[in-house]
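To start, the structure under review is shown below, and the notes come after it.
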Amino acid sequence: MENLAIETASKKYLVVFLENEFRKFITELSLKHPKSLITIITDENVFKFYEKELRFIDNQQFFLFTIKSGEKSKSIKSKLAIEKFLFSHKNNRQSVLVALGGGVVGDLVGYVAATFMRGIAYYMVPTSLLAMVDSSIGGKTGINNEFGKNLIGAFYQPEGVVIDFGFLKTLSNEHFKNGMAEVIKAGIIKNPQIFSLVEQNAPKLLERERREEQEGREDDLLKQIIVKSIEVKREVVSLDERENNYRRILNFGHTVGHALELDSDYEMLHGFAVSIGMVVEAFFSYKLNLLPAEDLRKITKVLQSMGLPYRLPKSVNAQKIYQIMLLDKKSLDRKVYCNLINQIGEVNANRGTFRRVIEPDFVHECFREMQKV
């Protein structure tokens with residue numbers, strides 16, 4: 001599989017595709033950076049599965065640091081702990097970080113790299129489907145705080161991204177579905193072929209583990225949709241690295257989704273929250289006469305077919321969610337903005353702003369209507 005080049009205003013780098021070759025990548029990294037201290041940062045879940053592979057790095061050039069798993073680790077406390085580890089092991093501006101894990105690890109390590117010694121090199125090695133197709137690409141880094149998700153961070157591009165499909169073999173079904181939400185989003189906002197592939201093959205995708213065991217072969221369909229999803233992200237961030245306008249389309253489902261995550265105290269997985277958020281923001285689009293009812297039905301149905309949540313819980317309070325959305329990075333002048341769609345595969349440009357103001361009364365009205373269903 002050919003590598004993909006990502007070129008932004010600040011940096012050009014490669015997305016490299018491998019199959020069970022993580023150890024080989026680390027060896028090559030040591031040759032590429034012979035004078036650098038290299039620290040691999042991962043979480044407890046990844047370490048549990050790959051302890052044997054990680055133990056070999058115990059030498060004078062490599063260090064390993066492990067954080068607790070889960071969204072709550074994407075915090076200033078974790079950032080300070082990593083920085084203390086780096087300083088205590090005499091790291092400097094030549095040092096290199098490797099983010100080995102899902103979106104939490106990638107966002108956190110990227111932010112540490114952006115600020116340690118005013119910026120050091122780092123590589124993304126995503127181990128979850130969600131991180132492979134979304135968070136590892138594009139240079140968004142950051143941490144959460146009590147007011148919301150990713151409110152503190154920086155745009156800071158990695159030296160490279162390594163997609164090793166072998167990591168997917170240890171991914172739970174729940175986290176597989178979690179990543180599929182971002183795959184479906186890529187189809188909705190830009191590539192209807194991705195949407196159709198998921199729509200037509202949902203049962204096959206959900207049975208991935210059992211089929212691989214029986215047939216003893218890789219899932220080429222899954223690899224295909226991963227690459228296509230990365231290509232969507234690549235095209236968008238290459239045109240608009242710092243989200244001045246066009247990159248906003250990647251936020252479809254996320255304004256509502258992030259609010260639902262925070263409201264659940266991060267008990268709800270990111271992809272599950274975004275899944276509901278996409279249905280809500282598609283419903284916004286429908287109510288504003290942008291999106292045909294048939295496309296709203298298709299979006300809801302494909303999420304349901306992948307085992308993702310699509311109903312807005314009756315326990316969710318519209319006023320509270322609106323107040324959380326006001327603290328979102330995308331809000332301006334005390335107004336909430338959402339990224340809406342015209343049809344599957346086409347976002348609503350709204351005169352090149354790629355967003356629309358969503359008034360509180362409209363949110364309340366839509367939530368009441370959705371929660372009745």
Side-chain angles (χ1 to χ4, degrees), residues 1-18 22 25 41 74 97-114 121-142 149-150 153-165 167-168 171 175-176 178-191 193-194 222-254 257-258 270-271 274 329 339 347 354:
M1 189 171 290
E2 292 185 7
N3 300 331
L4 292 176
I6 296 185
E7 188 168 0
T8 68
S10 66
K11 184 175 286 187
K12 182 177 180 178
Y13 56 95
L14 289 179
V15 179
V16 178
F17 297 98
L18 305 175
F22 167 68
F25 160 72
I41 301 170
K74 208 165 81 174
L97 303 183
V98 177
L100 176 67
V104 170
V105 172
D107 286 0
L108 172 63
V109 173
Y111 187 38
V112 172
Y122 77 108
Y123 290 83
M124 287 284 200
V125 186
T127 59
S128 70
L129 176 59
L130 188 146
M132 288 180 183
V133 300
D134 185 54
S135 59
S136 67
I137 312 295
K140 272 190 176 181
T141 72
K149 185 166 179 173
N150 301 328
F155 289 96
Y156 192 66
Q157 301 294 343
E159 296 297 306
V161 179
V162 177
I163 306 293
D164 191 326
F165 295 114
F167 287 122
L168 294 175
L171 196 64
H175 281 278
F176 175 75
N178 188 44
M180 284 302 299
E182 290 287 0
V183 168
I184 293 167
K185 181 203 76 176
I188 292 172
I189 63 170
K190 195 161 180 65
N191 188 340
Q193 185 184 9
I194 296 173
L222 180 56
K223 291 179 182 179
Q224 183 182 358
I225 64 173
I226 288 172
V227 174
K228 287 183 180 297
S229 299
I230 293 172
E231 287 173 339
V232 167
K233 188 80 181 275
R234 173 182 67 164
E235 182 178 343
V236 174
V237 301
S238 295
L239 293 170
D240 179 16
E241 180 181 12
R242 300 182 69 84
E243 203 171 296
N244 293 314
N245 45 56
Y246 188 54
R247 186 168 175 165
R248 292 170 185 153
I249 73 172
L250 297 171
N251 294 322
F252 174 65
H254 284 62
H258 281 172
H270 173 75
V274 167
K329 301 181 300 301
N339 315 94
V347 295
F354 298 97

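All values reported here derive from a predicted model rather than from experimental measurement.
- Separating the NZ atom in Lys140 from the CG atom in Asp134 is a distance of 8.5 Å, to the nearest 0.5 Å.
- The two residues Tyr111 and Thr141 come nearest to each other via the heavy atoms N-CB, 3.3 Å.
- The structure places OG of Ser238 at 11.5 Å from CD of Glu231, a figure rounded to the nearest 0.5 Å.
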**Study point:** Test side chain to side chain contact (heavy atoms under 4.5 Å, CB included) applied to Phe17 and Asp164, step by step
**Key:** CA-CA 6 Å; Phe17 297 98; Asp164 191 326; over 6 Å; no
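- The closest side-chain heavy-atom distance from Pro158 to Met124 is below 4.5 Å.
- Lys233 pairs with exactly one of Val15, Ile137, Ile6, Leu4 by the side-chain contact (heavy atoms from CB on, under 4.5 Å) rule, that one being Ile137.
- Atom CG of Leu129 sits about 6.0 Å away from atom CG of Leu222, to the nearest 0.5 Å.
- For Phe155, the ring pair (Phe, Tyr, Trp, His ring centres under 6.0 Å) criterion is met by no residue, not counting sequence neighbours.
- Pairing each heavy atom of Gly101 with each of Ala131, the nearest pair is O-CB, 4.2 Å.
- The side chain to side chain contact (heavy atoms under 4.5 Å, CB included) test applied to Leu14 returns Asn3, Ala5, Val16, not counting sequence neighbours.
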Practice item. Report the C-alpha distance between Asp240 and Asn245 in whole Å, list the side-chain angles of each, state the deciding distance to 0.1 Å, and finish with yes or no for side chain to side chain contact (heavy atoms under 4.5 Å, CB included). Key: CA-CA 7 Å; Asp240 179 16; Asn245 45 56; 3.8 Å; yes
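- Contacts of Glu159 classified as side chain to side chain contact (heavy atoms under 4.5 Å, CB included), with partners at least two apart in sequence or in another chain: Lys11, Ala121, Tyr123.
- Side-chain contact between Val105 and Leu100 is absent, with no heavy atoms from C-beta onward closer than 4.5 Å.
- The shortest side-chain heavy-atom distance between Tyr13 and Glu7 does not fall under the 4.5 Å cut-off.
- Considering every non-hydrogen atom in both Pro126 and Val161, the closest pair reads CD-CG1, 4.1 Å.
- Taking the side-chain hydrogen bond (donor to acceptor under 3.5 Å, both in side chains) definition, one finds that Asn251 meets it with Glu243, sequence neighbours left out.
- Here the OG atom belonging to Ser136 is positioned 6.0 Å from the CD1 atom belonging to Ile230, to the nearest 0.5 angstrom.
- No donor-acceptor distance shorter than 3.5 angstrom exists from the side chain of Asn339 to the backbone of Val347, with no hydrogens or angles considered.
- Scored by the salt bridge (Lys or Arg N to Asp or Glu O under 4.0 Å) test, Lys149 finds Glu71, Glu261 as partners (sequence neighbours excluded).
- Using modelled atom types, no side-chain atom of Arg247 and backbone atom of Val237 make a donor-acceptor pair closer than 3.5 Å.
- For Asp107, the side chain to side chain contact (heavy atoms under 4.5 Å, CB included) partners at least two apart in sequence or on another chain are Lys74, Ser135, Asn150.
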Output side-chain donor-acceptor pairs under 3.5 Å for residues 182-191, partner residues at least two apart or in another chain, one line each.
residue, atom, partner, partner atom, Å
Glu182, OE1, Lys185, NZ, 3.1
Glu182, OE2, His254, NE2, 2.9
Glu182, OE2, His270, NE2, 3.0
Lys185, NZ, Leu250, O, 2.8
Lys190, NZ, Glu235, OE2, 3.3
Lys190, NZ, Tyr246, OH, 2.7
Asn191, OD1, Gln193, N, 2.9

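- Remark: Phe176 pairs with no residue by the ring pair (Phe, Tyr, Trp, His ring centres under 6.0 Å) rule, at least two apart or across chains.
- Distance CD/Gln157 to OH/Tyr122: 6.5 Å, rounded to 0.5 Å.
- For Phe252, there are no ring pair (Phe, Tyr, Trp, His ring centres under 6.0 Å) partners, not counting sequence neighbours.
- Atom CG of Leu239 is separated from atom OG1 of Thr8 by 11.5 Å, given to the nearest 0.5 angstrom.
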Exercise for review: Using the side chain to side chain contact (heavy atoms under 4.5 Å, CB included) rule, take Ile41 and Val98 through it: C-alpha gap first, then chi angles, then the decisive distance, then the call.
Suggested key: CA-CA 6 Å; Ile41 301 170; Val98 177; over 6 Å; no
Review point. Step by step, would you call Ile194 with Ser229 a side chain to side chain contact (heavy atoms under 4.5 Å, CB included)?
Key: CA-CA 7 Å; Ile194 296 173; Ser229 299; 4.0 Å; yes
